[in-house]
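In what follows, a structure is listed as structure tokens, so that the remarks can point back to it.
All of these numbers come straight from a predicted model, not from anything done at the bench.
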Amino acid sequence: MKHPNSTDRKPNKKRNTWPRVRAVTHKNGTAAWLVDARIAGKGERFFYPTATEADTKADALRIARKNTGSESVTIPAKLREDAVDAERQLASVGATLADAVAYYLAHAKPAGGERTVHQTVTEFLAAKRNAGRKENYLSVQGYVLGNVFGGEFGERKIHEITAPEIDAWMTGKPWAMRTRLNYFQDIRNLFGFAVRRGYRPTNPVGQIEKPTVTETSPGVLTIAQTSALLNVCGEGAAEMLPAVAIGLFAGLRTEELDGLDWRHVDLRENNIHV
């Protein structure tokens with residue numbers, strides 16, 4: 001039985017070369033000519049009502065393969081169209097398809113895996129503890145990062161948080177500038193840790209304007225003022241006298257005095273263990 005379009009078939013020695021051209025019948029009984037442009041299972045197949053149209057398409061594919069190589073002819077037409085359109089859009093901002101792929105992989109699929117802020121804070125504190133940081137430092141970081149920052153962003157994936165979000169959140173808080181600066185530095189350290197672990201490509205806090213704190217010069221007491229202060233502290237039960245005396249003559253800061261008790265003071269060795 002002849003193919004319905006056999007009268008259209010013309011002698012063509014190339015039909016048995018790539019891409020192969022042959023007569024086929026669809027399941028619904030419709031006859032057609034198939035141009036099989038697949039290479040190693042990749043590529044497309046094209047159907048035409050006549051052998052002439054099929055041979056024309058096959059010749060065009062052979063020319064394209066000769067000019068650009070076998071890889072180009074195995075790319076589906078839709079993919080080629082999408083690639084051309086994407087390249088056009090990226091060109092308007094001076095970027096390439098390779099730039100877009102690299103950016104997507106870095107931001108959408110972090111190399112170290114995905115972590116929420118809470119998970120990152122837990123790892124951050126564990127790393128600092130293993131590095132020998134003091135419990136007071138860990139306690140402060142746990143509060144700032146886990147409660148303050150984590151209270152707002154805790155369940156968010158850390159690679160999805162942007163600089164404008166952090167900036168707007170900090171700006172909207174009624175914090176003193178010193179508090180804002182302290183939190184700024186703590187949050188920057190957390191994101192720096194996330195970058196080192198591969199949980200995000202960059203540190204967003206680096207894009208935020210650092211808060212400025214105008215420091216006042218420390219006050220200096222005269223001998224007479226120091227003597228008067230000690231005399232006042234020595235009155236009654238004199239509970240303030242040890243702390244004031246150590247602060248004056250040993251140079252300990254307020255936060256260091258807060259964590260001090262008599263176990264840390266060795267009068268025999270004349271040492272204070274801070």
Side-chain angles (χ1 to χ4, degrees), residues 89-90 92-95 99-219 243 247 251-260 274:
Q89 295 182 60
L90 289 167
S92 66
V93 294
D99 295 333
V101 171
Y103 182 88
Y104 177 84
L105 292 177
H107 290 78
K109 301 294 182 182
E114 296 183 352
R115 296 289 190 282
T116 65
V117 168
H118 279 322
Q119 289 172 327
T120 308
V121 170
T122 298
E123 292 185 26
F124 174 83
L125 295 175
K128 296 303 180 183
R129 180 173 284 105
N130 291 336
R133 297 296 191 275
K134 295 181 179 180
E135 286 301 321
N136 183 54
Y137 168 84
L138 297 173
S139 177
V140 171
Q141 294 300 298
Y143 172 74
V144 174
L145 302 176
N147 292 28
V148 179
F149 186 68
E152 179 72 18
F153 299 97
E155 297 306 320
R156 293 277 304 279
K157 293 177 181 178
I158 198 163
H159 72 276
E160 296 179 346
I161 298 174
T162 66
E165 286 183 281
I166 300 172
D167 193 24
W169 172 71
M170 295 190 71
T171 303
K173 298 295 182 181
W175 296 327
M177 198 58 68
R178 164 53 66 183
T179 300
R180 183 174 299 178
L181 176 60
N182 290 340
Y183 288 178
F184 174 92
Q185 294 170 333
D186 293 339
I187 296 168
R188 181 179 59 188
N189 289 340
L190 176 67
F191 278 97
F193 173 81
V195 171
R196 293 193 297 275
R197 288 291 177 97
Y199 301 153
R200 59 174 299 133
T202 58
N203 190 333
V205 184
Q207 304 171 37
I208 301 174
E209 195 69 27
K210 182 179 179 180
T212 300
V213 177
T214 303
E215 299 284 3
T216 56
S217 299
L252 269 66
R253 293 173 294 186
T254 303
E255 62 180 22
E256 293 170 334
L257 290 169
D258 288 343
L260 200 67
V274 180

Distance (rounded to the nearest 0.5 Å) between Phe149 CZ and Phe191 CZ:
4.0 Å
Closer than 3.5 angstrom, by distance alone: can the side chain of Arg156 be matched with the main-chain N or O of Ile158 as a donor-acceptor pair?
no
Measure the shortest side-chain to side-chain distance between Thr212 and Met177 over non-hydrogen atoms and say whether it is less than 4.5 angstrom.
no
Just checking, is any N or O donor in the side chain of Tyr199 or Glu123 under 3.5 Å from an acceptor N or O on the other one?
yes
Do Glu155 and Val117 come within less than 4.5 Å of each other through their side chains, counting heavy atoms only?
no
Looking at Asn189 and Gln185, would you say the former's side chain and the latter's main chain have a donor-acceptor pair under 3.5 Å?
yes
Under 4.0 Å between a side-chain nitrogen and a carboxylate oxygen: does that hold for Glu135 and Arg129?
yes
What is the distance from atom CE of Met170 to atom CD of Glu152, rounded to the nearest 0.5 Å?
12.0 Å
Chi angles and distances behind the side-chain contact (heavy atoms from CB on, under 4.5 Å) call for Arg200, Thr202
CA-CA 6 Å; Arg200 59 174 299 133; Thr202 58; 4.2 Å; yes
Ile166 side chain near Pro204 side chain, heavy-atom distance below 4.5 Å
yes
Decide if atom CD of Glu209 counts as having more than 12 heavy atoms of other residues, nucleotides or ligands within a radius under 6.0 Å.
no
May I ask you to decide if Thr120's main-chain N or O and Arg197's side chain share a donor-acceptor pair within less than 3.5 Å?
no
Pick from Thr122, Thr116, Val121: which one makes a side-chain contact (heavy atoms from CB on, under 4.5 Å) with His118?
Thr116
Approximate separation, where rounding is to 0.5 Å, of Tyr143 OH and Asp186 CG:
12.0 Å
Using only atom types and a distance under 3.5 Å, with no angle test, would you say the side chain of Thr171 pairs donor to acceptor with the backbone of Ala168?
no
Side chains of Gln141 and Lys128: does their closest heavy-atom pair fall under 4.5 Å?
no
What verdict does the side-chain contact (heavy atoms from CB on, under 4.5 Å) test give for Val148 and Trp175, after you've listed the backbone C-alpha separation in whole Å, the side-chain angles of each residue and the deciding distance to 0.1 Å?
CA-CA 12 Å; Val148 179; Trp175 296 327; 3.9 Å; yes
